[in-house]
Amino acid sequence: MTAPTTSTAPSQEETLRSALSARKRPQRANALSASLTFGWRALLKIKHVPEQLFDVTAFPIMFTLMFTYLFGGAIAGSTGEYLQFLLPGILVQTVVFITMYTGMGLNTDVTKGVFDRFRSMPVWHPAALVGALLGDAARYAMASAMVVVLGLILGFRPAGGVAGVLLSVALVLVFSFGLSWAWTVLGLILRTPNSVMMASFLFLFPLTFASNIFVDPKTMPDWLETIVGANPITHLVSAVRGLMHGTVAAQQVVWVLLISAALVVVFAPLTMHLYRNKT
Amino acid sequence: MDSRSDIAIETSGLVKTFGKTRAVDGVDLAVRRGMVYGLLGPNGAGKTTTIRVLATLLRPDSGTVQVFGHDVVGEADAVRGRVSLTGQFASVDEDLTGLENLVLIARLLGFSRKESRARSHELLDAFGLAEAAGRQVKNYSGGMRRRLDIAASIVVTPDLIFLDEPTAGLDPRSRNQVWEIVRALVAGGTTVLLTTQYLDEADQLADRIAVIDHGRVIAEGAPGELKASVGSGALHVRLRDPEDRPEAGRVLSGTLGVPVHLESDPAALSARTSDPGRVAHALAELSRSGVPITDFSLGQPSLDEVFLTLTGRTAEADDSTDTEEDAA
């Protein structure tokens with residue numbers, strides 16, 4: 001039962017006036033705290049819309065099972081052998097594919113009124129995007145865990161141990177954070193989430209398949225081997241494989257870090273420029 | 001300087017184009033602090049674009065735009081620190097709960113975790129949303145969503161709030177609630193700039209109104225002044241018996257000294273006048289000549305009539321330019 005409006009009206013008006021009379025203006029949030037707050041928003045969205053985790057759970061399982069059992073025997077002689085080679089690559093492929101959703105999510109988000117509010121507030125503006133990417137990093141971490149756990153169940157035995165696996169996942173997350181900025185550019189340029197997805201696929205397919213994820217590039221024609229050798233994904237996969245199997249060379253990791261930094265340096269300012277001037 | 005610091009918004013020659021469309025085509029506004037200023041016009045008139053420029057979301061193509069003396073382009077951050085925007089489409093996150101939305105804004109503005117929750121609950125109580133605090137906004141009614149939207153705009157009570165069509169699509173009760181909130185805001189010293197297509201809304205709330213059409217201000221002033229500029233008010237009379245109309249017309253035009261207009265209702269007629277003394281005399285004459293009336297009214301012209309006089313068409317009829325504003 002609700003109380004009759006006549007009796008609640010005066011107190012309602014009082015609370016309204018007292019709420020409006022508060023003029024406290026706190027010190028504005030710094031860049032880090034604003035970014036973390038937006039990251040919290042991304043996590044809340046996962047909590048309220050758990051369906052969106054479909055891509056980070058179903059994808060990894062599908063890819064790992066499919067490639068291990070369909071092609072493993074043909075490529076490496078046995079599925080068990082192939083899994084040792086494939087799993088680090090599948091980890092990279094899975095997470096890199098999921099980065100695409102960052103652009104789609106941003107595209108959906110920006111077209112809604114709530115981004116108008118964020119943009120008209122006195123906060124460090126990149127925080128809205130950095131926070132979203134931090135939230136995405138949580139999704140990437142979940143997908144990574146899926147792949148690794150599934151791999152261990154199927155018989156993947158990394159010589160690099162727990163540390164090697166954790167470091168390789170961390171490296172994948174760093175690279176994905178960098179790559180995500182490329183998708184945010186697409187997310188701001190293109191008109192619909194679908195066109196963002198199509199455009200991302202256009203880049204992601206050649207990027208992941210023309211790499212050393214599935215096969216050793218030495219088996220490829222020379223010209224293709226050159227292309228594959230220049231592919232940043234190849235560098236990432238080599239480093240991840242090295243970390244997991246305990247055979248990593250420092251320069252492999254440095255390469256990946258440099259590429260990730262370059263992606264941020266190029267695409268983050270471009271994203272921010274587009275974000276600021278979004279009509 | 002004193003007169004300057006009195007000004008909340010000042011634009012001069014504001015132009016914003018989208019492709020070939022001149023959405024805002026040379027708008028000059030001067031809004032004093034503490035007032036409710038209404039931008040009135042049909043869809044596509046340029047109201048939303050104007051607000052988006054003022055809220056630092058769009059860069060003007062030309063003209064100067066100052067909010068509290070700060071340039072919206074050069075000193076955007078100073079402007080953002082003092083204004084709040086409630087957009088035309090709910091500017092809250094539909095996936096989050098009402099409480100989470102407010103805490104999010106509060107945290108972004110720099111409140112601590114604890115203060116954020118306290119302020120959010122205070123606002124939810126004040127806006128009658130306490131029971132819905134834990135529900136996702138997508139399950140809110142239109143009126144609740146609008147109130148939450150406004151609550152999000154006053155987590156820190158702003159010096160100036162932009163309300164873009166605050167009551168569009170609301171039922172009369174929710175509309176009254178929003179009006180109540182606007183009045184409370186003004187009482188607290190906040191300047192309000194609102195857009196509306198509802199003529200009675202502008203009349204009810206605004207201290208001054210700019211009528212906008214095709215990106216230009218075609219009239220500006222207090223609601224009363226606008227009405228006066230259109231001309232005098234009118235006496236409307238309704239007769240019990242339509243057959244009396246010729247006789248009533250003769251009496252009214254004789255006593256009022258103006259031509260009488262026969263309305264489409266066969267029992268109604270009207271005459272332009274705003275002199276209550278003459279009207280009283282005319283009504284007395286009518287009853288003396290034995291013409292019974294059921295109803296009469298003397299009023300200023302409605303803003304509908306104002307718009308009709310200014311543009312040659314009614315405000316509501318113009319939906320053809322809908323898409324332009326949407327594209328903006």
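Order of the sequence lines sets the chain letters (A, B, ...), proteins ahead of strands, with each chain counted from 1.
- Judged purely by atom type and a 3.5 angstrom limit, Arg107(B) has no side-chain atom pairing as donor or acceptor with the backbone of Leu36(A).
- Between Val114(A) and Val92(B), the closest side-chain pair of non-hydrogen atoms is not below 4.5 Å.
- Checked for salt-bridge contact, Lys47(A) and Asp95(B) miss the test: no charged N lies under 4.0 Å from a carboxylate O.
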Margin query: Run Arg119(A) and Arg52(B) through side-chain contact (heavy atoms from CB on, under 4.5 Å) and show every step you take.
Written below: CA-CA 11 Å; Arg119(A) 290 203 301 145; Arg52(B) 288 172 66 84; 3.8 Å; yes

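- Checked for salt-bridge contact, Glu100(B) and Lys45(A) miss the test: no charged N lies under 4.0 Å from a carboxylate O.
- Within a 6.0 Å radius of CZ in Arg183(B), more than 12 heavy atoms belonging to other residues, nucleotides or ligands are found.
- Contacts between residues 188-205 of chain A and chain B, defined by a heavy-atom separation under 4.5 Å, are made by no residue at all.
- Remark: Ser120(A) OG to Leu54(B) CG distance equals 12.0 Å, nearest 0.5 Å.
- A donor-acceptor pair under 3.5 Å is formed between the side chain of Thr157(B) and the backbone N or O of Leu20(A).
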Report all side-chain donor-acceptor pairs from residues 258-265 of chain A shorter than 3.5 Å, counting only partners two or more places apart or in another chain.
{"unit_1": "Ser260(A)", "atom_1": "OG", "unit_2": "Val256(A)", "atom_2": "O", "d": "2.7"}

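- Once rounded to the nearest 0.5 Å, the distance linking CG of Leu123(B) with OG1 of Thr15(A) reads 10.0 Å.
- In this structure the side chain of Arg28(A) reaches within 4.5 angstrom of the side chain of Asp77(B), judged on heavy atoms.
- Taking 4.5 Å as the limit, every side-chain heavy atom of Val79(B) sits out of range of all side-chain heavy atoms of Pro122(A).
- Glu94(B) does not touch chain A: none of its heavy atoms, backbone or side chain, sits under 4.5 Å away.
- Neither the backbone nor the side chain of Ala151(B) comes within less than 4.5 Å of any heavy atom in chain A.
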Next item on the list: Would you please test Val123(A) and Arg80(B) for side-chain contact (heavy atoms from CB on, under 4.5 Å) and show each step?
Entry: CA-CA 9 Å; Val123(A) 293; Arg80(B) 289 181 193 131; over 6 Å; no

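- Rounding to the nearest 0.5 Å gives a distance of 5.0 Å between OG1 of Thr37(A) and CG of Leu108(B).
- With a threshold of 4.5 angstrom between heavy atoms, Phe118(A) approaches chain B through side-chain atoms but not through N, CA, C or O.
- Trp124(A) does not touch chain B: none of its heavy atoms, backbone or side chain, sits under 4.5 Å away.
- Interatomic distance, CG of Leu104(B) versus CG of Leu44(A), reported as 8.0 Å (0.5 Å rounding).
- Contact count versus chain A (heavy atoms, under 4.5 Å) is highest, among Thr56(B), Leu96(B), Val83(B), for Leu96(B).
- The number of heavy-atom neighbours closer than 6.0 Å to CZ of Arg82(B), taken from other residues, nucleotides and ligands shown, is above 12.
- Under the 3.5 Å distance criterion, the side-chain polar atoms of Arg119(B) are matched with a main-chain donor or acceptor of Ala19(A).
- There is a side-chain donor-acceptor pair under 3.5 Å between Ser153(B) and Arg117(A).
- The CG atom of Leu109(B) sits 12.5 Å away from atom CD of Gln27(A), with the distance rounded to the nearest 0.5 Å.
- Of the inter-residue distances, the one linking Asn101(B) atom CG with Arg41(A) atom CZ reads 8.5 Å to the nearest 0.5 angstrom.
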Next item on the list: Could you walk me through whether Met121(A) and Ser84(B) pass side-chain contact (heavy atoms from CB on, under 4.5 Å), step by step?
Entry: CA-CA 7 Å; Met121(A) 282 173 64; Ser84(B) 266; over 6 Å; no

